[in-house]
Amino acid sequence: MSTSADPVRRTESFSAPGPSRRHVLGAATGAGLALATGLPGVAEAADLPLLGTYDVVVIGSGAAGMTAALTAAKQGLSCVVVEKAATFGGSAARSGAGIWIPNNPVILAAGVPDTPAKAATYLSAVVGPDVSADRQQAFLGHGPAMISFVMANSPLRFRWMEGYSDYYPELSGGLPNGRSIEPDQLDGNILGAELARLNPSYMTVPSGMVVFSADYKWLTLSAVSAKGAAVATACLARGTKAALLGQKPLTMGQSLAAGLRAGLLAAQVPVWLNTPLSDLYVQNGAVTGAVVSQNGAPGLVRARRGVIVGSGGFEHNAAMRAQYQRQPIGTAWTVGAKENTGDGIRAGERAGAALELMDDAWWGPAIPLPDQPYFCLAERTLPGGLLVNAAGARFVNEAAPYSDVVHTMYERDATAPDIPAWLIVDQNCRNRYLFKDVAPTFTFPDAWYTSGAAYKAWTLDALAAAIGVPAAALRTTVNRFNSLALNGKDTDFHRGDSVYDHYYTDPAILPNSCLAPLWLAPYYAFKIVPGDLGTKGGLRTDARARVLRPDGSVIPGLYAAGNASAAVMGHSYAGAGSTIGPAMTFGYIAALDIAATA
């Protein structure tokens, strides 16, 4: 959740460190916008209609915000959640809802051999010096308790995503069988009429089926794998059972958001939809409320104890992306919730907050389909495909963690155009594997071709001409790739060397499940651009989720979690769910800290 209004906040006796040029310009822009739109300025904020007074005001109803609100309520604090969108759940509701929390009770009960020492060693190796040790430890130390708390105070239950490896399992402390969990099936009927206000998922589950994130690996292989066929049958059986019982089955992000919302309903925490944040309200240097809009009219919500910003990133703010991130960039390639325009981040910055990691995002290769971008997980990893750049050459391990692939695209783009890149597959690959939601052997929608997202040709030379890469180079690249595939060893980019590389692959392909030659015409090319699940930069916070100024001092009363805050993962990505796991954990930490200091 985030907002587009940008008025100047009210301040009383507030002395912050000397402002930077960016702060001055940002304040001037905010003041100009306030005057132009009639939104309240400095003098008027205190005179706005009082919409309510609570111990805690939470901005955003995603995973971070709802976990924070639930925690605050169970600590005996009065709480309200304000949400910009007409729906609740934010990007979390749209997601697969993987949750990366080492040593959580779900994986320990399943016998996963995790320990605090292993987790600390691994996270430190992944994150490096970008994130302080105390923040890393806060996440690791509170994460398991957060999962236990959520299960005790909501209908949510979780499943281990067995086999979904940590993203760097070869590092010390990494687990090849994975630490990630996901929500179990939930009956949407528990929400009653509120179910209609759940933010829809990014991808629709096939009708009549109940599908978990961990199932997609096998559904992709259902035409060529006995286990894949069995998983498809199990998904259909779950759907049939739910229908017979009159249930409205929810999984993945839909289950996570619905379960948290059910917890808030039981705790009598109000969630105000269609209530965008305009600014933070500051008195005597402390954040004591929020200026919001309802029905187009501004109002003030006071917070006795604190405000927790869980409003998401800035992925749909073109100006912020142009300001902070590398080109080419835009808002059309993200799958984050459309309301995420960075308003909580900007409001925090106006209150004096420091920003970090603004150049980064939860990247992943995406195909810019005409209706919405498609975040490409399995398709670039399955045997029988490779990525090439504008020169017709491979440039990356296609099966590497998705964030790493896009980092490589940007790092190389200045000297060898890798944006867009092209995913090349042959008809043999198409005959075997699901591609997005298009079954094997089925034709792709015409709109994919007319939009320029996909191309098809009967020869590699013709395909090269269609996508504008040198034909001889593409032929040489494919021939080289085919020889590597037949030998089962990618000596060029090491595809298949990591256990992680083999997750979205075909175990029937030997000697390397990641690699198969391209030999059967026609051939296909799919445009690949730097997509993302959301941005990962935002307000700088400490181990208690308190927002910090550039000099390291704490802004009293202001907390942040989720993509409105700078990620505890730094510039990396430890495993599936490294977005949602920390978001929920730091929302939990923020509420506990407010309760402890109330």
Side-chain angles (χ1 to χ4, degrees), residues 91 94-96 199-209 211 216 219-220 222-223 252-253 315-316 318 328-338 363-382 384-390 398 402 405-406 409 417-469 474 504 518 520-534:
S91 293
R94 291 171 54 78
S95 73
N199 199 22
S201 61
Y202 156 61
M203 284 187 65
T204 303
V205 172
S207 178
M209 301 181 79
V211 180
Y216 273 107
L219 292 177
T220 300
S222 58
M252 297 182 280
E315 56 266 25
H316 283 282
I329 196 63
T331 60
W333 299 337
T334 180
V335 300
K338 65 182 184 298
W363 301 114
I367 302 173
L369 298 178
D371 55 342
Q372 65 175 354
Y374 175 61
F375 198 86
C376 195
L377 286 174
E379 293 79 5
R380 65 186 168 83
T381 300
L382 288 164
L386 68 156
L387 286 172
V388 301
N389 59 16
E398 296 87 350
Y402 34 90
V405 174
V406 173
M409 291 172 71
D418 294 322
I419 302 172
W422 298 94
L423 173 61
I424 312 295
V425 305
D426 72 342
Q427 188 62 43
N428 180 54
C429 184
R430 281 299 304 125
N431 289 343
R432 295 177 61 84
Y433 309 123
L434 184 75
F435 194 106
K436 189 178 179 285
D437 54 359
V438 181
T441 74
F442 279 55
T443 59
F444 293 122
D446 290 342
W448 291 20
Y449 297 110
T450 58
S451 69
Y455 293 84
K456 176 182 177 181
W458 287 91
T459 67
L460 288 173
D461 284 10
L463 189 68
I467 63 175
V469 306
L474 182 61
Y504 286 111
L518 286 69
L520 182 63
Y523 299 93
Y524 302 83
F526 302 92
K527 183 181 289 186
I528 299 293
V529 297
D532 64 71
L533 303 170

Asker: Does any N or O in the side chain of R94 come within less than 3.5 Å of the main-chain N or O of G253, such that one atom is a donor and the other an acceptor?
Answerer: no

Asker: Partners of A390 by side chain to side chain contact (heavy atoms under 4.5 Å, CB included), sequence neighbours excluded?
Answerer: P417

Asker: State the CD1-SG distance between I424 and C429, to the nearest 0.5 angstrom.
Answerer: 11.5 Å

Asker: Write out all pairs satisfying side chain to side chain donor-acceptor pair (under 3.5 Å) with one or both partners inside residues 425-435, taking only residues at least two apart or from two chains.
Answerer: Q427-N431, Q427-Y524, R432-D506, Y433-D506

Asker: Sorted by first residue and then second, give each salt bridge (Lys or Arg N to Asp or Glu O under 4.0 Å) pair with at least one member in residues 366-377; sequence neighbours left out.
Answerer: none

Asker: Output all residues satisfying side chain to side chain contact (heavy atoms under 4.5 Å, CB included) with T334, sequence neighbours left out; order by chain, then residue number.
Answerer: E315, H316, R321, D532

Asker: Run the side-chain hydrogen bond (donor to acceptor under 3.5 Å, both in side chains) test against N199 and tell me which residues pass, sequence neighbours left out.
Answerer: T87

Asker: Listed by chain and number, what are the ring-ring contact (aromatic ring centres under 6.0 Å, His included) partners of F375, not counting sequence neighbours?
Answerer: Y402

Asker: I need the M252 CE to S95 OG distance, nearest 0.5 Å.
Answerer: 9.0 Å

Asker: Quick check for you: to the nearest 0.5 Å, what is the distance between I528 atom CD1 and I367 atom CD1?
Answerer: 4.5 Å

Asker: Do E379 and Y374 meet the criterion of a side-chain donor-acceptor pair at a distance under 3.5 Å?
Answerer: yes

Asker: Which side chain to side chain donor-acceptor pair (under 3.5 Å) pairs, counting each pair once, include a residue from residues 438-460, with sequence neighbours left out?
Answerer: none

Asker: Please report the closest heavy-atom contact between P445 and V438, naming both atoms and the distance.
Answerer: CD-CG2, 4.3 Å

Asker: Should the pair F444 and F526 be assigned to parallel (<30°), tilted (30 to 60°) or perpendicular (>60°) ring geometry?
Answerer: perpendicular

Asker: How would you list, by chain and number, every residue that makes a salt bridge (charged side-chain N to carboxylate O under 4.0 Å, His left out) with D461, sequence neighbours excluded?
Answerer: R475

Asker: Quick one: side chain to side chain contact (heavy atoms under 4.5 Å, CB included) partners of K527, sequence neighbours excluded?
Answerer: P368, P420, W422, V529

Asker: Y504 versus R380: any side-chain heavy-atom pair under 4.5 Å?
Answerer: no

